[in-house]
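Before any comments, here is the structure.
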Amino acid sequence: MRHKKKRDLVILSLTVLILFASIFGPEQMARYKDRGMMNEISVEAVDSSGSGYRYTLNSNEKLWLLSECLNHQVLPESELSALTRVSAQGVDYEELMGTYAFVVNRQGPSGLEITDDRIYEICNQEIGALKERKILPESVREVDASSYDAVLYSAIDVLEPQNNMSVWKVSLSTSHQNADKTNRLIDAYVDAATGKMYGFYVRTETVWAEMEPEKMMESWSSYLGLTGQERYESENPLLETATEYLKYRFPGMKDRSTVVTIGFYEGINELFIKII
């Protein structure tokens, strides 16, 4: 009998100890661990290559962002004064400020962007793609480093800087401005990630009457992967200086759209697709 009481007492004691440990044990261990970590600096290696989330702009959003950056910049006062004396075509977009910024990328291409030594090769590749799609005439000549300048820009939504893209602007060099521009690319905006051409100006021997602008725009839209194309009638056609043109609208961002113009300047025989 005495042995049974002793056994019951042991069992009861163990039960109390277990209950006490389950209630107060974790808290005491946490306090002990905290005391060991206080005033100590620890370093832990973390593989962050696949962590986080970065929103990637689609083609419609890129087109809209580039359009906003080229259209709604605020120039510093010194450059505003300069515009009263020189043509806007000669303005360097460097150091521009505003809600949307189109600025020279001084850091150069990242590992995911077209490099300086490949931009002309990629540009010629895309010229070939546009010729195949009947957007550019076959007579348009290739570009090269000796005749053209290529500058890398960043287009940024300043208020939402996660919305950004890099763009190469490829232009006929100023040292060749008096040269024969026939069948030459004058300017082009090239996506630094994909190589696609968002817009261009090109001199050509082909005239507007020989072109099919509706089909050209459909093909250009498909080339860029754009969606939601629709015809657009300008509210003030007097603002357009081209002799011949058609306007289209594409869904963009923030419930707004991008207006794209395909047109032709007679006299100089310049074909263009522009988003500004």
Side-chain angles (χ1 to χ4, degrees), residues 48-76 79-80 88 91-116 118-119 122-123 126 129-130 149-171 187-201 217 220-230 232 234-235 239 247-262 272-276:
S48 61
S49 59
S51 63
Y53 173 73
R54 181 178 180 183
Y55 180 69
T56 302
L57 300 177
N58 62 36
S59 295
N60 282 60
E61 291 168 338
K62 283 185 174 183
L63 187 73
W64 179 86
L65 176 61
L66 181 57
S67 174
E68 292 297 304
C69 289
L70 294 175
N71 276 294
H72 298 105
Q73 298 173 97
V74 178
L75 300 176
E79 295 195 16
L80 282 172
V91 173
D92 186 357
Y93 291 101
E94 182 178 334
E95 304 299 339
L96 298 186
M97 303 178 298
T99 303
Y100 297 94
F102 189 66
V103 295
V104 174
N105 185 335
R106 300 187 182 281
Q107 295 181 344
S110 69
L112 300 177
E113 296 168 340
I114 298 169
T115 56
D116 307 57
R118 292 202 65 215
I119 181 57
I122 296 297
C123 191
E126 297 308 309
L130 293 177
D149 297 320
V151 181
L152 183 64
Y153 290 88
S154 293
I156 308 168
D157 182 341
V158 177
L159 300 181
E160 298 183 48
Q162 72 275 12
N163 296 332
N164 66 85
M165 62 183 295
S166 296
V167 180
W168 281 100
K169 184 179 181 183
V170 179
S171 306
D187 283 309
Y189 293 100
V190 180
D191 190 317
T194 66
K196 300 293 185 181
M197 277 193 191
Y198 288 101
F200 59 80
Y201 292 80
M217 277 301 300
W220 180 77
S221 174
S222 173
Y223 159 78
L224 282 179
L226 300 172
T227 59
Q229 173 182 324
E230 62 179 8
Y232 173 75
S234 176
E235 296 177 357
L239 294 177
K247 290 183 178 291
Y248 293 83
R249 182 163 53 192
F250 296 87
M253 299 177 69
K254 304 179 181 180
D255 297 323
R256 294 163 64 185
S257 58
T258 310
V259 175
V260 178
T261 306
I262 180 171
F272 63 85
I273 291 180
K274 67 177 181 179
I275 58 174
I276 58 174

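Counting begins at 1 with the first residue of the sequence. The structure displayed is predicted, hence computed values, not measured ones. What you see below is based on every heavy atom in this structure, not just the backbone, and it leaves out hydrogens, waters and symmetry mates.
Heavy-atom minimum distance, Ala192 versus Leu152: CB-CD1, 3.8 Å. Heavy atoms only, all atoms of each residue included: Ile122 and Gly195 are closest at CG2-CA, 3.8 Å. Among all heavy-atom pairs drawn from Ser154 and Asn105, the shortest one is OG-ND2, 3.4 Å. Closest of all the heavy-atom pairs between Asp187 and Ser171 is OD1-OG, 2.5 Å. Ala155 approaches Leu66 most closely through the heavy-atom pair CB-CD1, 4.4 Å. In terms of heavy atoms, Leu57 sits closest to Asn164 at CD1-O, 3.8 Å.
The CZ atom of Arg118 lies 13.5 Å from the CD atom of Glu113; values are rounded to the nearest 0.5 Å. Taken to the nearest 0.5 Å, the CG atom of Leu65 stands 9.5 Å off from the OG1 atom of Thr258. Atoms NZ and CG, from Lys274 and Leu70 in turn, are 12.0 Å apart once rounded to the nearest 0.5 Å.
Checked by atom type and distance alone, the side chain of Ser67 pairs as donor or acceptor with a backbone atom of Ile275 at under 3.5 Å. Remark: side-chain polar atoms of Trp168 are paired, donor with acceptor, to backbone N or O of Ile114 under 3.5 angstrom. Without hydrogens or angle criteria, Tyr223 side chain to Met197 main chain gives a donor-acceptor distance under 3.5 Å.
Around CG of Leu112, the count of heavy atoms belonging to other residues, nucleotides or ligands within 6.0 Å does not exceed 12. For CD of Gln107, the number of neighbouring non-hydrogen atoms (other residues, nucleotides, ligands) closer than 6.0 Å is 12 at most.
A salt bridge between Glu68 and Lys254 is absent, with no side-chain N of the basic residue lying under 4.0 Å from a carboxylate O of the acidic one.
Counting only heavy atoms from C-beta outward, the side chains of Trp220 and Leu226 approach each other to under 4.5 Å. Side-chain contact between Asp191 and Met165 is present, with at least one heavy-atom pair separated by less than 4.5 Å. Residues Glu126 and Phe200 are not in side-chain contact: their nearest non-hydrogen atoms beyond the backbone lie 4.5 Å or more apart. Phe250 places a side-chain heavy atom less than 4.5 Å from the side chain of Ser221. Counting only heavy atoms from C-beta outward, the side chains of Thr194 and Lys62 approach each other to under 4.5 Å.
Relative ring orientation between Phe102 and Tyr189 is described as perpendicular, the plane-to-plane angle rising above 60° on a 0-90° scale split at 30° and 60°.
For Ser257, the side-chain hydrogen bond (donor to acceptor under 3.5 Å, both in side chains) criterion is met by no residue, not counting sequence neighbours. With sequence neighbours excluded, the residues satisfying ring pair (Phe, Tyr, Trp, His ring centres under 6.0 Å) with Tyr201 are Phe272. Listed by chain and residue number, nothing satisfies the salt bridge (Lys or Arg N to Asp or Glu O under 4.0 Å) test with Lys196 (two or more places apart in sequence, or in another chain).
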Query - Evaluation steps, side chain to side chain contact (heavy atoms under 4.5 Å, CB included), between Leu159 and Thr99 - result: CA-CA 6 Å; Leu159 300 181; Thr99 303; 3.9 Å; yes
**Report entry** side chain to side chain contact (heavy atoms under 4.5 Å, CB included) assessment of Val260 paired with Leu63
**Finding:** CA-CA 9 Å; Val260 178; Leu63 187 73; 3.9 Å; yes
Requested in this report: Please lay out, stage by stage, how Asp157 and Tyr100 fare under the test side chain to side chain contact (heavy atoms under 4.5 Å, CB included).
Outcome: CA-CA 5 Å; Asp157 182 341; Tyr100 297 94; 3.7 Å; yes
